[in-house]
Amino acid sequence: MKNIRRSLIAGNWKMHRTSSEAVDLATEINHLIGQETDVHVVLCPPFTALESVARLVSDSNIMLGAQNMHPQPEGAFTGEISALMLRQLFCSFVILGHSERRQYFHESDAFINEKVLAALKSSLKPIVCVGETLEEREAGDTGKVVKRQIQEGLNGVSKQTSEHLVIAYEPVWAIGTGKTATPEMAQEVHGQIRELLAQQFGNSAASRIRILYGGSMKPGNAADLLEQPDIDGGLIGGASLQARSFVELVEIAREKS
Ligand code: 13P
């Protein structure tokens, strides 16, 4: 079942790297990866580096993603970026609903849903992030939280466009902390997410949607995570800022796919 889904390793560089530093990092990754075809590789630098990194990876199989966007096509939204602007910079993916956006910028499920629909309409593949905080996990609410985030975040997405969705399960307590969910803990939630996707889109469509794990994934723990039946790749923060560790993750994903 798993091999109908191509593994995907995405690097979320967050607010790291100026455009010239981003070019250096992308150059090194590009060089080490060569012409990767078995694994989808996506780099998500800051907005300011999208254009320079796009130029650099244009002859490779590396794809480009943004870290956020506004749902409106244009307008008086100072400081915001639209889907069309991202498409023109050759972005194929956009991370939406990252827990840092939910936490620091108060993004609601309803707002994230507007973005998901707008991204799909513009042929951008959304990487929709979900995940519980430590308090929510300790209260036994993980399933409830993830269910709400999936159902509200994907409200109105059609079965036809669902194959362009990517979901990332990122337990908030595992992000940047060095604490990873055990493979069993992660698989349990990934399985629940696939079940929710099946309820909305049907089994066949749900079996095509990639569900990534994110949260302190690194070369030392990736193999056990990527072996799980519903873990189709990783959304990598810290370990994506070093070319070697990021490329090692791509290699591990290739072995496990
Ligand atoms: P870390 O890999 O640094 O924990 O970050 C994960 C993440 O938030 C990716 O979006």
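Just follow the structure's listing: the first ligand is 1, and inside any ligand the first atom is 1.
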Identify the closest protein heavy atom to [atom]: which residue and atom is it, and at what distance?
atom: atom 2 (O) of ligand 1; result: Gly237 N, 2.9 Å
atom: atom 7 (C) of ligand 1; result: Glu170 OE2, 3.2 Å
atom: atom 3 (O) of ligand 1; result: Gly238 N, 2.8 Å

Heavy-atom donor-acceptor pair, [X] side chain to [Y] backbone, under 3.5 Å:
X: Asn113; Y: Asn155; answer: yes
X: Ser216; Y: Ala174; answer: yes
X: Asn30; Y: Ile62; answer: no
X: Arg102; Y: Cys129; answer: yes

Handout entry: Heavy atoms of other groups near Gln35 CD, more than 12 under 6.0 Å
Key =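 Buried by this count: over 12 neighbours within 6.0 Å.
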Geometric N/O contact [X] with ligand 1, under 3.5 angstrom:
X: Leu235; result: no
X: His98; result: yes
X: Ser216; result: yes

Problem - Least distance between heavy atoms, Met63 atom then Ser92 atom - result: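 Shortest heavy-atom contact: CB-OG, 4.3 Å.
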Exercise for the section: Examine the proximity of ligand 1 to Asn12 and report which part, side chain or backbone, both or neither, has a heavy atom under 4.0 Å away. Expected result: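 The answer is the side chain.
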Practice task
Report the part of Ser240 (side chain from C-beta onward, or backbone N, CA, C, O) that has a heavy atom under 4.0 Å from ligand 1; answer both or neither where that applies.
Solution key: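 For Ser240, no heavy atom sits under 4.0 Å from ligand 1.
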Can you tell me if [X] has a non-hydrogen atom under 4.0 Å from ligand 1?
X: Lys14; answer: yes
X: Ala10; answer: no
X: Ala239; answer: no

Exercise for the section: Give the numbers and elements of all ligand 1 atoms closer than 4.0 Å to a heavy atom of Gly215. Expected result: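 In order of numbering, the contacting atoms are 4 (O), 6 (C).
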Practice task
Check step by step if salt bridge (Lys or Arg N to Asp or Glu O under 4.0 Å) holds for Glu163 and Arg208.
Solution key: CA-CA 6 Å; Glu163 66 179 297; Arg208 289 173 200 285; over 6 Å; no
Practice task
From the options His190, Arg194, Gln192, Arg210, select the one residue that forms a side chain to side chain donor-acceptor pair (under 3.5 Å) with Asp230.
Solution key: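 For Asp230, the side chain to side chain donor-acceptor pair (under 3.5 Å) test succeeds with only one of His190, Arg194, Gln192, Arg210, which is Arg194.
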